[in-house]
Amino acid sequence: MILTRQYILAISIVAIAGSLLYFFFDPSLSELFPKCIFYSLTKLDCPGCGSQRAIHALLHGNILQAADFNLMAVLFLPLLLYSAVVAVANAFFHQQWHQGIFYSTIFVKTVLFVVLIFWLLRNIPIAPLHWLSAEH
Amino acid sequence: MEYSTQQQQPIVPGTRPKNWLVESILVTIFCCLPFGVVGIVFASQVNSKYDTGDYEGASKASKEAAKWTKIGFFIGLAVIVCYALFILVLGGTAFWQARQNY
């Protein structure tokens, strides 16, 4: 992924502003945040449902609570951070790191499998699986 | 070492097509729409087709992954902008009514 410095700076500004917003406002209490369209239409959780509340919990250091809202988002977080670090290193520190893992067929298939299975399981209202739901 | 026949070399492509995996994961998590999942499906095709030597197919899958990731991103963005406007109008109206009541 080749990101120019301008793009990275723009994304960083949006990320910092977003983090401040999600730190100071709790999406489960505030009306400031939009609800998931998929959930609004179907009353089913999408793979991203609960991520706003998960971010709020993460910014306050509650990893377990964040995992309760959206386990997948928390699991993917290190991956996204890794991608961000590589992008910054390449754009600002003259590195030529390659994100090989994102181009491994097995890895990408695993991501797809995880997303689809997570989507399916979190909508099954049985005791152990119910923990995966975003609990609207 | 000597080669008896000139071997037909496969077209060695310069770079793997971008598979949009990270972007489609982000759209899946933050835009709350199934379009990100479609992006991930095409992302997986980019790699598998490239590995089997189907460079044209990989390039097509890359374009599809880009398309669905962008669709998800822009619809998500539009929803956020519309919602923000809605909140502003609602808040503005409430503020105005509160002023009127004084």
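Note on naming: letters A, B, ... go to the chains in the order of the sequence lines (proteins, then strands), and numbering restarts at 1 for each one.
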Report task. Say whether Ile80(B) and Tyr22(A) are linked into one hydrophobic cluster, either directly or through other cluster members, by side-chain heavy-atom distances under 4.5 angstrom. Result -> no

**Report entry** Distance, nearest 0.5 Å, that separates CD1 of Ile25(B) from CG of Leu80(A)
**Finding:** 6.0 Å

Query - Student check: side-chain heavy atoms of Thr28(B) and Phe76(A) closer than 4.5 Å - result: no

Query raised in the report: Are Val108(A) and Val46(B) side-chain neighbours, meaning at least one heavy-atom pair lies under 4.5 Å?
Result: no

Query - Under 4.5 Å from any heavy atom of chain B - which part of Leu116(A) - result: side chain

Query raised in the report: With only heavy atoms counted, which part of Asp51(B) is less than 4.5 Å from chain A, the side chain, the backbone, both or neither?
Result: side chain

Query raised in the report: Does CG in Leu81(A) sit with more than 12 non-hydrogen atoms of other residues, nucleotides or ligands closer than 6.0 Å?
Result: yes

Query raised in the report: So which of Leu90(B), Val41(B), Ile75(B) has the biggest tally of heavy-atom pairs under 4.5 Å with chain A?
Result: Val41(B)

Query raised in the report: Should Val115(A) and Ile124(A) be regarded as members of a common hydrophobic cluster, given that ILVMFWY residues are connected when their side-chain heavy atoms come within less than 4.5 Å of each other, either directly or indirectly?
Result: yes

Report task. Please examine the side chains of Val22(B) and Tyr82(A), heavy atoms only from C-beta on, and report whether any two atoms are closer than 4.5 Å. Result -> no

Requested in this report: Any chance you could measure Leu77(A), atom CG, to Ile29(B), atom CD1, to the nearest 0.5 Å?
Outcome: 8.0 Å

Query raised in the report: Does one hydrophobic cluster hold both Val86(A) and Phe102(A), with members joined at side-chain heavy-atom distances below 4.5 Å?
Result: yes

Query raised in the report: Closest heavy-atom contact between Phe38(A) and Pro34(B)?
Result: CD1-CG, 3.9 Å

Query raised in the report: Is there a path from Ile40(B) to Leu75(A) through hydrophobic residues (I, L, V, M, F, W, Y) whose side chains come within less than 4.5 Å of each other?
Result: yes

Query raised in the report: Got a sec: does the CZ of Phe113(A) have more than 12 other heavy atoms crowding it under 6.0 Å?
Result: no

Query raised in the report: Can you name the nearest heavy-atom pair linking Trp119(A) to Val37(B), along with the distance?
Result: CZ3-CG2, 4.1 Å

Query - Segment of Phe107(A) engaging chain B (4.5 angstrom heavy-atom cut-off) - result: side chain

Requested in this report: Compare every heavy atom of Tyr103(A) with every heavy atom of Pro17(B), then report the nearest pair and how far apart it is.
Outcome: O-CE2, 3.4 Å

Query raised in the report: What heavy-atom pair brings Ser44(B) and Leu112(A) nearest, and what distance separates the two atoms?
Result: OG-CD2, 3.9 Å

Query raised in the report: Rounded to the nearest 0.5 Å, what separation is found between the CD1 atom of Ile37(A) and the OH atom of Tyr83(B)?
Result: 12.5 Å

Query raised in the report: Hey, is CH2 on Trp97(A) packed in by over 12 heavy atoms from elsewhere, all under 6.0 Å?
Result: no

Query raised in the report: What distance do Leu21(B) atom CG and Leu79(A) atom CG have between them, rounded to the nearest 0.5 Å?
Result: 7.5 Å

Query raised in the report: Are Trp131(A) and Leu58(A) in one and the same hydrophobic cluster, where Ile, Leu, Val, Met, Phe, Trp and Tyr link if side-chain heavy atoms are under 4.5 Å apart?
Result: no

Query raised in the report: More than 12 heavy atoms of other residues, nucleotides or ligands under 6.0 Å from CG of Leu77(B): is that the case?
Result: yes

